[in-house]
Amino acid sequence: QVQLVESGGGLVQPGGSLRLSCVASGSGFIMNTMGWYRQAPGKQRDLVATITTGGSPNYADSVRGRFILSRDNYANTIDLQMNSLKPEDTAVYYCNGVGYENTWRISHYWGQGTQVTVSS
């Protein structure tokens with residue numbers, strides 16, 4: 001019932017910027033935590049940035065100072081402003097949500113992913 005949809009990926013030169021967006025839709029759900037993960041070919045899926053309701057964003061060391069995560073609770077939307085992009089940022093970026101959907105059981109939700117490629 002819950003769906004996460006990402007947008008904003010693309011090709012950018014080193015030093016450039018991109019902004020990713022993720023929208024959560026559905027009914028009867030509460031999303032306590034939302035954030036972004038990324039996965040490069042042959043590597044594990046790693047945390048990029050997350051934010052919990054009432055809290056401040058936390059960032060992976062590799063992106064701190066370059067990426068900014070924001071959350072609009074009214075629209076169930078998160079944005080990731082990515083600045084000073086490096087080739088090593090190239091990956092598929094996945095939106096993640098942790099919360100409840102018509103039950104007391106905690107569920108993890110994932111978007112389909114959006115490709116970010118940083119290259120000259």
Pair Thr117, Thr90: side-chain N/O donor-acceptor within cut-off below 3.5 Å: no
Connected via hydrophobic side-chain network under 4.5 Å: Val98 and Ile51: no
More than 12 heavy atoms of other groups within 6.0 Å of Gln13 CD: no
Where Ser84 and Arg66 come nearest, the two heavy atoms and their spacing: O-NH1, 3.0 Å
Hphob cluster co-occupancy, Tyr109 + Tyr37, side-chain heavy atoms under 4.5 angstrom: no
Distance-minimising heavy-atom pair for Thr52 and Arg71: C-NH1, 4.0 Å
Of all pairs that satisfy disulfide (SG to SG under 2.5 Å), the ones with a partner from residues 8-120, not counting sequence neighbours: Cys22-Cys95
Distance-only polar pair, side chains of Gln81 and Asp79, donor-acceptor under 3.5 Å: no
Shared hydrophobic cluster, Leu69 / Val63 (ILVMFWY, side-chain heavy atoms < 4.5 Å): yes
Spatial distance of atom CG (Leu18) from atom OG1 (Thr114) [nearest 0.5 Å]: 9.0 Å
Rounded distance [0.5 Å steps], CD1 in Ile68 versus CZ in Arg19: 13.0 Å
Val23-Tyr94 co-clustered via ILVMFWY side chain contacts under 4.5 Å: no
4.5 Å side-chain heavy-atom contact, Tyr59 and Val48: no
Same apolar cluster (I L V M F W Y, side chains within < 4.5 Å links), Val116/Val92: no
Spatial distance of atom CD (Glu101) from atom CE (Met31) [nearest 0.5 Å]: 8.0 Å
Atom pair CG (Leu47) and CG (Asn96), whose distance is rounded to the nearest 0.5 Å: 8.5 Å
Arg64 CZ: over 12 foreign heavy atoms closer than 6.0 Å: yes
Closest approach of Met34 to Ala24 (non-hydrogen atoms, all atoms of both residues): CE-CB, 4.2 Å
Salt bridge (charged side-chain N to carboxylate O under 4.0 Å, His left out) partners of residues 34-53, not counting sequence neighbours, each pair once: Arg38-Asp89
Atom pair CD1 (Ile78) and CG (Leu4), whose distance is rounded to the nearest 0.5 Å: 8.0 Å
Whether over 12 other heavy atoms sit under 6.0 Å from Gln112 CD: no
Between Asn32 and Thr53: side-chain donor-acceptor atoms closer than 3.5 Å: no
Beyond-backbone contact of Leu85 with Phe67, side-chain heavy atoms, under 4.5 angstrom: yes
Heavy-atom side-chain proximity of Val12 to Met82 below 4.5 angstrom: no
